[in-house]
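Since this is a predicted model, take the numbers as computed values, not measurements. Only heavy atoms go into these numbers, but all of them, side chains included; no hydrogens, no water, no symmetry mates.
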Amino acid sequence: MIALTSPSHIAILGAGLMGRLLALELAREGHRVDMFEAKGPEADGAAARVAAAMLAPLAESAITEPGVVRMGQYGLTRWPELIAQLQEHVFFQQNGTLVVWHRQDTADANRLCGLFEKNRRINPTLPALENLNAQRLNDVEPALQGRFTQGVYLPGEGQLDNRQLLAALEKTLTRLGVNFHWHTPRETTDFAPGTAGQPDLVIDARGLGARTEWKSLRGIRGEVVRVYAPEVTLQRPTRLVHPRYPLYIAPKENHLFVIGATEIESDDMSPASLRSVMELLSALYTVHSGFAEARILEIATQCRPTLPDNLPAVRWLSERVLQVNGLYRHGYMISPAMLDVTLQILRTGSTELAERFDVPVHQPAGV
């Protein structure tokens, strides 16, 4: 496959999270980058816009594979480096994750904690969780004082503000000379890379937009509520164990909270149902009664691009067309690792990082 030489002309399809990160690194290396996006600069067509942007490898280890967990650990180190390249402010916090539950859900919580411990045995570099009694829970999260009698603290985990990040990336890319083509959907077949007047390389990072060529992609629907709650102060992302809809609350700056729970096998992007919103907000109120006076800023839905095994992959369609996809619900957690996997493949042809993270690299048919 092609090995990049500088300066090359690169077309990137899709200006979501993965596309913007790739454009950032490639433009900084001196490549000429054209970015084609079906929607506008606000990333309103991207799953990355409707997300809590939690960076929680131990918490997610309960539902994913060890390679994804390793990518999440890698991202916790890599994100500060990437954010430092942006001149605009992006909220980044690494203050751990809190997991709490009501007394009637203790059995489910014990099963979850058992999974955490099992995965720590598989990956001993994961930090040890801390079991919290009522007093210690009050010390860790004073805002929840008296509301729960037990919980678990997962140290070292983090989060960022996804919308601040997407906006900061767009502004930085503009300064770096990236040529944006907004409201300009493109397929890989619209290009003949390597021929006169064409880019040297095409990178397809369109998420679900790539389904015309990556047929096994499917959508996993998520529903997220953003609220302003001046009466609530949480110091870190908080997860509520629940038998039907495990809830997460990601506190951003200035009393903005991103709340989600649902995960539905569907590519339906219609508005959220009354039932799902009622269940989500009812569970939210049980975490902190101050949410009763919260102002609902937005109820949003989006579908995450997902491959059959729920794991990401890199695929060469031809010698000069590369696809990166399948980040599922772990986009912010694993995108720094997927970025560096892709860059290593393009720079050197090596798949050392891909092997480290168990990321398959598919070759073109017949190769």
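- Contact of the Arg136 side chain with the Asn131 side chain is not registered, since no non-hydrogen atoms from C-beta on lie closer than 4.5 Å.
- Classification of Glu42 and Arg49 as a salt-bridged pair fails, no side-chain N sitting under 4.0 Å from a carboxylate O.
- Within 6.0 Å of CZ in Arg175 there are more than 12 heavy atoms belonging to other residues, nucleotides or ligands.
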Kindly indicate, with the supporting measurements, whether the criterion salt bridge (Lys or Arg N to Asp or Glu O under 4.0 Å) is fulfilled by Glu37 and Arg20. CA-CA 11 Å; Glu37 167 57 42; Arg20 293 186 194 208; over 6 Å; no

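- Classification of Arg206 and Glu213 as a salt-bridged pair holds, one side-chain N sitting under 4.0 Å from a carboxylate O.
- Side-chain contact of Gln344 with Asp340: a donor-acceptor pair under 3.5 Å is absent, judged by distance alone.
- Under the 30°/60° scheme for interplanar angles, the aromatic rings of Phe257 and His255 are found to be tilted.
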Kindly indicate, with the supporting measurements, whether the criterion side chain to side chain contact (heavy atoms under 4.5 Å, CB included) is fulfilled by Leu13 and Phe191. CA-CA 11 Å; Leu13 312 187; Phe191 300 88; 3.7 Å; yes

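- With sequence neighbours left out, Arg315 forms a side chain to side chain donor-acceptor pair (under 3.5 Å) with Gln323.
- Defined by atom type and a distance below 3.5 Å, a donor-acceptor pair is present between the side-chain atoms of Lys252 and Gln159.
- Salt-bridge check for Arg218 with Glu265: passed, with a basic side-chain N closer than 4.0 Å to an acidic carboxylate O.
- Between Arg163 and Asp161 there is no salt bridge, since no side-chain nitrogen of the basic residue lies less than 4.0 Å from a carboxylate oxygen of the acidic one.
- Not counting sequence neighbours, Tyr153 has no partner by the side chain to side chain donor-acceptor pair (under 3.5 Å) test.
- Taking the six-membered ring for Trp and thresholds of 30 and 60 degrees, Phe36 and His181 have nearly parallel ring planes, at less than 30 degrees apart.
- Hydrophobic clustering (side-chain heavy atoms under 4.5 Å, transitive across Ile, Leu, Val, Met, Phe, Trp, Tyr) groups Leu98 together with Leu284.
- When side chains are defined from C-beta on, His330 does not count as touching Met71, because their heavy atoms never get closer than 4.5 Å.
- Counted by atom type alone, His9 and Asp34 present one or more donor-acceptor pairs between their side chains at under 3.5 Å.
- A donor-acceptor contact closer than 3.5 angstrom is absent between the side chains of His242 and Glu279.
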Determine whether Arg147 and Glu141 satisfy the following criterion, salt bridge (Lys or Arg N to Asp or Glu O under 4.0 Å), listing intermediate values before the conclusion. CA-CA 11 Å; Arg147 301 178 187 277; Glu141 191 56 79; over 6 Å; no

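- Ion pairing of Glu81 with Arg28 is absent here, as no side-chain N (NZ or NE/NH1/NH2) approaches a carboxylate O to less than 4.0 Å.
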